[in-house]
Amino acid sequence: MSYDPPLSGVTVLDLTCGPMTAVGRLLADLGAGVTQVRLSGVTGADTVGPHIDGVPVATMIDRHGIPTADVDASTRTGAAQWAALLADADILIENTRPGSAAETALAVHDIRAAHPTLVILSISDFGRDTDYSTWQATTPVLHALTSELSRSGIPGRVPLVPPAPQLPYHVAAAQAAVMTVSVLLDRMRSGEGDLIDFSILDGAMQTLDPPFGTAGTASAGVPISEQRRNWDAERQRYPIVACKDGHVRICLLAKRQWRGMFEWMGRPEEFADPRYDSLRERFASPTLLAAVGRFCADKTRAELESEGQRHGVPTAAVLTLAETLGTQQVKERGFFRDTELAPGLNAPVPVGITEVDGHRASALDAPAGVVSGFTGAPTLADRTRRETGLPLDGIRVIDLGVIVVGSDTGRLFGDLGADVVKIENSAFPDGLRGNLATMTQGFAAGHRNKRSIGIDLRSAEGRALAHRLVAASDVVLTNFKPGVAETLGMDYRTLRAVNPGIVVVDSSAFGPTGPWAKRLGYGPLVRAAAGFTDLWVYPGDANPSPSLRSPQDTFCDTVTVYPDHVCARVGALAALTLLLRRERTATGGSVSVAQSEVMLSHLAAEIAAEVLVRRGHSASDDPAHDAPWGLFPAAGEDNWLAVTVRNDVDWSALCKAIDRADLAADPALANRAGRDRDRARVDAAVAAWTSRHDATAAMDLLQRAGVPAGAAFHAAEVPAWDYYVQRRAFREELHPYSREPFVMENVQIHSERIADPPLGQAPLLGEQTREIAAELLHLGDAEIDDLLARGVLEGPVL
């Protein structure tokens, strides 16, 4: 079957610089014709390293294979060239700094007026519609203001910035791409474009590890917003235990997983009491984790992985990044390919983070020939729309997703206006549900704007009913354990026979092929197998030898939910592009997302740089970061402030803001190299100042001075911060099946045309069974009653 890139025919003008060039890369890999436009007086020159032989590796990966157009619109010829580019474009991406001369010169509102069908993605650190528009961000600042740092690191020590230097930007890029393509899909029906005001901070907050989003099963019903760095509890969630040749991470969340561990350990009498079936009881045990550690101590990682899987206990070796890249899984999947990033500079780079119709969706594999642009929406043109002001109004999604990545993918569609129907069954409920008659914050956040129908997919009648729903739908979302979708008749091969236009998304830990394809996988186990856990340690704790690696009590990625939320965006993005393709082909398609590969893509530049250095190329002599750069203590207990200096201008502004003219005048600190050599003295001076100030007040002062800074908020503090208030980022909901109100995310797209998300509340299992059976399956009351009585359909447990 030949591969038809889903965004073929879509033309993108990309004026961005810096880390948000990642948006253009995502669209190019899905087939869009992306052109890097260097518009005189507008486009910045920021690049992203590591720098090898003077080449900025991250920037070159994002720009690989993308043509460049240099335009000077101040000349007659250049103005005509710019006008012609805009006239032919579908999407324009820009990231001029708010308040800058570049922003004025570009004049996106004038472009919007002159080209009303153009979808404009306007990116900035803090958005353009609040009092914070001129604030500036860096990676530590974004991590601080999203509350990620309140959950990263060991209590009593400085919060730990996660690995992957551009991680907040990578996850935000996925969010930005979803919003842009959803608006483009709507344009195919409405003929109208839009201007999206995208904040990197919003994207990072919602997509990395959202404080009021869907929490994993390991939270034991405790919302992330109420979690602090409780080291004992965190090590119980997905315990990392030492073994003969390193460490393994184990999942003991479900009752069946604990029972498997109990049998594997030889049924120790100490833990035979049925109370250990309870997750809370296991968390509270002062001896269980130590017993598991003793059991694993004399076994190798490979032995534990194999036996753990055999006993139904998800187990993964904690691998170094180098070990991960050497695994058969990575090699057989062909995720990396040597590519010439610059003359004489060949390095392995990812070959796309999604598979579409069984093919890597990558510009590296783009077929010859370009599909011409297309307009109109023959498939969606006649759909009844509710006129909600939402881009996916009129699209129907069948949601079979579970836990975090499953819930979030469907929730994105629902928030953007799609009719999302969640198929469930009480014999195998979504692990996020807990008690079927009540509602948790995590489930409410992840399954709002959905309807639920209870269907027993194990029965032939149930599968037939599900197929009738698929026949009347556009998208099916799955993230089952490998092989389950096929068993239930809900895989793409089966469903395309039911509905040739259906788009099916499958998300799994390691992808549909390779020796790890059928492994049980959860986010923390994927992080361990992908090399992330080994990197998520304090500097000095890491050791390249697996047998001498960090003691288990220093691994610091215990509580975060990454990469589930960003993988949900990747799956949703690919699905939306296939809906666009369907408008010119009338056929659907399939999407596969491997969570491990999404994570490795976030380390792509570092992986390439390390390989290049091993091959004899030269790394830059410049330090990775200027000084100061990191977290500093603020007044009060466990309060911290991210302070980052990028250049000499920032350094001068910092010295003035903290009243240290002596530092500004010191010639030894006059440049980046000097400040790096004297980093300890610089850090001590900054800490002496920050420790006397409230974190939020100090952040305000430094940002007004032009220094990127951010208070390390605890999750519960996030919704009240004035920036998020102005961005309408959160809302409070009193759910009928909960005693306490829930705080959850609100606005997804800030634009001229798109409305805020609907207020539909997350359903109980089967809460809309009768409604959906009548409306979509066209069943009468007597038929519904019979199916309910026989258990083929299920209603809510009240």
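The structure displayed is predicted, hence computed values, not measured ones.
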Side chain to side chain contact (heavy atoms under 4.5 Å, CB included) between V593 and V598, intermediate numbers included = CA-CA 8 Å; V593 179; V598 172; 3.9 Å; yes
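- For the pair R451/P763, no side-chain contact is recorded, criterion being any heavy-atom separation below 4.5 Å from C-beta on.
- When the ring pair (Phe, Tyr, Trp, His ring centres under 6.0 Å) test is applied to F480, no partner is found at least two apart in sequence or on another chain.
- Counting heavy atoms from C-beta on, the side chains of E355 and V591 never come closer than 4.5 Å.
- Considering only residues two or more places apart in sequence or on other chains, H735 meets the ring pair (Phe, Tyr, Trp, His ring centres under 6.0 Å) condition with Y737.
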Stepwise salt bridge (Lys or Arg N to Asp or Glu O under 4.0 Å) test for R569 and D408 = CA-CA 8 Å; R569 271 71 180 178; D408 240 30; 2.6 Å; yes
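- In this structure, S40 has no side-chain hydrogen bond (donor to acceptor under 3.5 Å, both in side chains) partners at least two apart in sequence or on a different chain.
- Here the closest non-hydrogen pair linking L184 and L580 is CD2-CD1, 3.8 Å.
- Note that NZ of K450 and CG of D399 are 4.0 Å apart. Values are rounded to the nearest 0.5 Å.
- In this structure S122 satisfies the side-chain contact (heavy atoms from CB on, under 4.5 Å) test together with E94, R128, L195, sequence neighbours excluded.
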Stepwise side chain to side chain contact (heavy atoms under 4.5 Å, CB included) check, M490 with V470 = CA-CA 9 Å; M490 298 300 288; V470 170; 3.9 Å; yes
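- Smallest separation of non-hydrogen atoms from I395 and D474: CA-OD2, 3.4 Å.
- Side-chain contact between H750 and R727: present, with at least one pair of heavy atoms (C-beta onward) separated by less than 4.5 Å.
- Separation of atoms CG (L495) and OG1 (T478) is listed at 9.0 Å; rounding is to 0.5 Å.
- When side chains are defined from C-beta on, E745 counts as touching R411, because their heavy atoms get closer than 4.5 Å.
- Closest of all the heavy-atom pairs between T207 and V171 is CG2-O, 3.3 Å.
- Rounded to the nearest 0.5 angstrom, S124 OG and Q136 CD are separated by 11.5 Å.
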Test log, rule side chain to side chain donor-acceptor pair (under 3.5 Å), inputs Y169 and H602 = CA-CA 9 Å; Y169 299 94; H602 298 159; over 6 Å; no
Sequence neighbours left out, cut at 3.5 Å: what donor-acceptor pairs do the side chains of residues 76-85 make with other protein atoms?
none

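- Residues Y132 and W721 bring their aromatic ring centres within 6.0 Å.
- Remark: the D202 side chain and the Y723 side chain contain an N/O donor-acceptor pair separated by less than 3.5 Å.
- Side-chain contact between R63 and T21 is present, with at least one heavy-atom pair separated by less than 4.5 Å.
- From I398, atom CD1 reaches atom CG of N499 across 10.5 Å, with rounding to the nearest 0.5 Å.
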Worked check of side chain to side chain contact (heavy atoms under 4.5 Å, CB included) between R468 and L779 | CA-CA 11 Å; R468 287 168 62 181; L779 299 177; 4.0 Å; yes
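- Taken to the nearest 0.5 Å, the CG atom of L469 stands 5.5 Å off from the CD1 atom of I453.
- Defined by atom type and a distance below 3.5 Å, a donor-acceptor pair is missing between the side-chain atoms of D564 and Q595.
- Checked against ring pair (Phe, Tyr, Trp, His ring centres under 6.0 Å), F443 has the following partners two or more places apart in sequence or in another chain: H447.
- Annotation: side chain of D197 is not in contact with side chain of I749 (no heavy-atom distance under 4.5 Å).
- When side chains are defined from C-beta on, W135 does not count as touching D125, because their heavy atoms never get closer than 4.5 Å.
- Side-chain contact of E767 with S452: a donor-acceptor pair under 3.5 Å is absent, judged by distance alone.
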Worked verdict on R385 versus D186 for salt bridge (Lys or Arg N to Asp or Glu O under 4.0 Å) = CA-CA 11 Å; R385 301 182 70 180; D186 190 45; 2.6 Å; yes
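- Interatomic distance, CD1 of I123 versus OG1 of T16, reported as 6.0 Å (0.5 Å rounding).
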Report the C-alpha distance between D393 and R386 in whole Å, list the side-chain angles of each, state the deciding distance to 0.1 Å, and finish with yes or no for salt bridge (Lys or Arg N to Asp or Glu O under 4.0 Å).
-> CA-CA 7 Å; D393 188 358; R386 294 167 291 175; 3.3 Å; yes
CA sep, side-chain torsions, deciding dist, call: R731, D756, salt bridge (Lys or Arg N to Asp or Glu O under 4.0 Å) = CA-CA 11 Å; R731 71 189 192 209; D756 289 1; over 6 Å; no
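- Residues Q175 and Q206 form a side-chain contact, since some pair of their non-hydrogen atoms from C-beta on lies under 4.5 Å apart.
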With side chain to side chain contact (heavy atoms under 4.5 Å, CB included) as the test, would you mind laying out the steps for E732 and M744 before giving the verdict?
-> CA-CA 6 Å; E732 189 173 82; M744 60 181 65; over 6 Å; no
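- Judged purely by distance below 3.5 Å, without hydrogens or angles, the side chains of T75 and D72 never pair a donor atom with an acceptor atom.
- What you find for S751 and D194 is that their closest heavy atoms are OG-OD2, 2.8 Å.
- Summarising the geometry of A444 relative to A762, their closest heavy-atom pair is CA-CB, 3.6 Å, with the distance given to 0.1 Å.
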